[in-house]
Number of protein chains: 2
Amino acid sequence: MLKAERHKYIMTKLIEEQKVVTTDLALALDLSEDTIRRDLNELDSKKLLEKVYGGAIQVIEKAVDVFNIDISAEDEKIKIVTKALSLLRDGQVIIMSGGSTNLVFAKLIPSDLKATIYTYSLPIAMQLSQHPNIDLIFIGGKMQKNAMVTIGMDVIQVLSKIKADICFIGASSINVKQGLTEIGYEVSIVKKAMIESSDRVVSMFSSDKLNTKMPHVVCELSQLDTIVTDLDPEDLRLEEYRKSGVFVL
Amino acid sequence: MLKAERHKYIMTKLIEEQKVVTTDLALALDLSEDTIRRDLNELDSKKLLEKVYGGAIQVIEKAVDVFNIDISAEDEKIKIVTKALSLLRDGQVIIMSGGSTNLVFAKLIPSDLKATIYTYSLPIAMQLSQHPNIDLIFIGGKMQKNAMVTIGMDVIQVLSKIKADICFIGASSINVKQGLTEIGYEVSIVKKAMIESSDRVVSMFSSDKLNTKMPHVVCELSQLDTIVTDLDPEDLRLEEYRKSGVFVL
DNA sequence: TTTAATAATGCAAAATAATGCATTTTTAAC
DNA sequence: GTTAAAAATGCATTATTTTGCATTATTAAA
């Protein structure tokens with residue numbers, strides 16, 4: 001019996017019975033359980049079924065909901081952004097980049113804060129559109145699909161004409177030598193423009209981003225006014241950053 | 001019985017009866033209560049149910065989630081927009097307004113369609129950002145909070161520079177005499193600009209919008225090329241519209 | 001507070017899975 | 001056809017997961 005035949009048999013069986021059991025299949029096909037397991041793993045990796053302990057079940061295609069953004073390590077992020085809330089003042093003009101940390105931040109902005117926020121991130125704009133006292137301006141342009149942010153000249157142009165009091169920048173990577181770096185060129189350019197337009201630059205990120213680097217430089221450490229992490233500001237891992245003159249919150 | 005099966009059983013039971021009781025499940029499935037408890041805890045941590053003393057209950061819809069847009073009469077809207085899908089072609093430049101009917105439309109655009117879409121609606125942009133073959137351009141500007149669309153001069157300016165093959169306009173109200181009308185002045189202006197920039201104008205709406213009016217005129221009936229409703233194109237209620245030269249889909 | 005029910009924890013046995021390796025089968029090139 | 005490489009298979013070993021039980025802790029209600 002060919003492997004392909006076996007796979008077909010397994011898939012048929014799976015549809016008939018809603019599930020298959022490794023031991024049963026081994027018996028029915030007169031093969032070792034190892035082989036069956038290898039088959040099931042193979043079919044699983046092709047997403048034709050879902051391997052579970054003892055056998056496999058049908059794939060449940062969960063309707064991909066674009067609007068359901070799940071934030072990894074949300075608790076940690078809440079801890080970070082809560083510290084940054086103290087930087088907010090009524091009347092500020094604020095620029096916010098994308099990223100899930102900033103999204104958590106947007107969620108937690110007190111509802112009585114009166115401010116103007118510019119952003120080029122769809123999820124952040126969605127979130128802020130619920131805020132009663134924030135004037136929200138979305139910076140349009142070509143969408144970078146997966147990150148759900150706009151990029152390109154249109155964005156740079158708008159940013160270059162703004163004068164903001166403070167900007168909140170998500171970080172992909174940061175280290176003492178290169179400063180803030182990004183994986184994507186276009187995003188790095190946009191973030192540069194954000195920094196140019198802001199009196200004060202704040203970057204929030206979790207400590208696992210510390211001492212990592214990506215290909216495209218956004219800015220040197222000295223251009224950041226404040227960094228906010230999950231660590232205690234006195235933590236040793238932040239010492240070098242403190243020394244270089246950045247305020248650590 | 002596989003663990004995965006059991007979990008499925010528990011979830012089904014939970015939906016049927018609104019709750020499950022540990023002891024009952026142990027009896028029904030012929031397993032120790034410990035195992036059931038472990039199952040319930042596992043499902044709880046996946047947020048599929050809520051473990052309580054003695055069993056589990058359904059998860060309570062958590063606080064209004066911005067990202068959870070619920071579409072009223074979605075089935076009806078699916079019916080409408082499905083008809084409109086036939087108007088799409090590879091290579092088109094498309095403008096889409098906001099509105100839940102257009103959002104449903106965005107969801108159903110075939111994933112192999114290659115097109116460029118301009119929109120100024122956050123939810124629609126979120127939806128389209130998942131589409132693999134669409135170049136998406138968001139038209140930025142000041143956000144109108146509740147509707148989650150941008151409005152104002154910035155939007156008009158961008159629209160005035162586009163030349164689109166087709167635009168899809170949601171409708172608040174339509175009648176034979178005034179044509180398309182809107183409740184908000186700013187939105188009416190934006191829609192006017194959309195129409196100006198498009199070779200072909202399509203409006204999709206449910207039949208209860210027929211023969212109603214709002215304060216701000218968008219355009220006359222004659223400026224619409226196609227209207228798409230839930231009704232049969234031959235329906236008597238659409239007769240006057242057909243007579244006025246609009247193509248009814 | 002008391003009491004019975006329910007839950008958490010640690011542990012051991014059993015089932016299932018992963019891994020490395022030897023053997024066989026298949027494939028492809030000469 | 002021969003032959004070498006690649007793939008598939010089964011086995012032994014080791015690792016992981018699941019499960020039930022005993023024990024202890026917690027909870028809810030009288």
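The analysis underlying the following values was restricted to heavy atoms, covering all of them including side chains, and did not include hydrogens, waters or symmetry mates. Lettering of chains follows the sequences in order, A, B, ..., and the numbering in each one begins at 1.
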Participant: How are the rings of His216(A) and Tyr185(A) set relative to one another: parallel (under 30°), tilted (30 to 60°) or perpendicular (over 60°)?
Facilitator: perpendicular

Participant: Round to the nearest Å and state the distance from Glu5(A) atom CD to dA8(D) atom P.
Facilitator: 15 Å

Participant: Given dA12(D), dT18(D), dG20(C), which nucleotide is nearest the side-chain atoms of Arg38(A)?
Facilitator: dG20(C)

Participant: Base, sugar-phosphate or nothing for Val21(A)? Non-hydrogen atoms, less than 4.0 Å.
Facilitator: nothing

Participant: Specify the separation, in whole Å, of atom CG of Leu2(B) and atom P of dT18(D).
Facilitator: 11 Å

Participant: Quickly work out the Arg6(B) CZ to dG20(D) C1' distance and round it to whole Å.
Facilitator: 12 Å

Participant: Can you tell me the distance, in whole Å, between the CG atom of Leu25(A) and the P atom of dT16(C)?
Facilitator: 13 Å

Participant: In whole angstroms, how far is the C1' atom of dT16(C) from the CG atom of Asp24(A)?
Facilitator: 14 Å

Participant: So, OP1 or OP2 of dT6(C): does either fall under 4.0 Å of a side-chain N or O from Thr22(B)?
Facilitator: no

Participant: More than 12 heavy atoms of other residues, nucleotides or ligands under 6.0 Å from CD of Glu196(A): yes or no?
Facilitator: no

Participant: Report yes if at least one side-chain N or O of Arg37(B) is closer than 4.0 Å to OP1 or OP2 of dT18(D); otherwise report no.
Facilitator: no

Participant: To the nearest Å, how far apart are Asn41(B) CG and dA8(C) C1'?
Facilitator: 9 Å

Participant: Lys3(A) has an atom NZ; how far is it from atom C1' of dG10(D), in whole Å?
Facilitator: 15 Å

Participant: Check whether any side-chain nitrogen or oxygen of Lys51(A) sits under 4.0 Å from OP1 or OP2 of dA17(C), and answer yes or no.
Facilitator: yes

Participant: Salt-bridge test for Lys142(A) and Asp154(A): reply yes if a basic N is under 4.0 Å from a carboxylate O, no otherwise.
Facilitator: no

Participant: Is the shortest side-chain heavy-atom distance between Glu33(A) and Leu25(A) below 4.5 Å?
Facilitator: no

Participant: Would you kindly give the CG-to-P distance between Asp34(B) and dT9(C), to the nearest whole Å?
Facilitator: 12 Å

Participant: Step by step, work out the ring pair (Phe, Tyr, Trp, His ring centres under 6.0 Å) result for Phe138(B) and Tyr120(B).
Facilitator: CA-CA 6 Å; Phe138(B) 194 92; Tyr120(B) 53 90; 8.1 Å; no

Participant: Would you mind telling me which of dA8(C), dG10(D), dA28(D) lies closest to the side-chain atoms of Ser32(A)?
Facilitator: dG10(D)

Participant: Checking only heavy atoms, does the side chain of Tyr53(A) share a donor-acceptor pair with the base of dA17(C) at less than 3.5 Å?
Facilitator: no

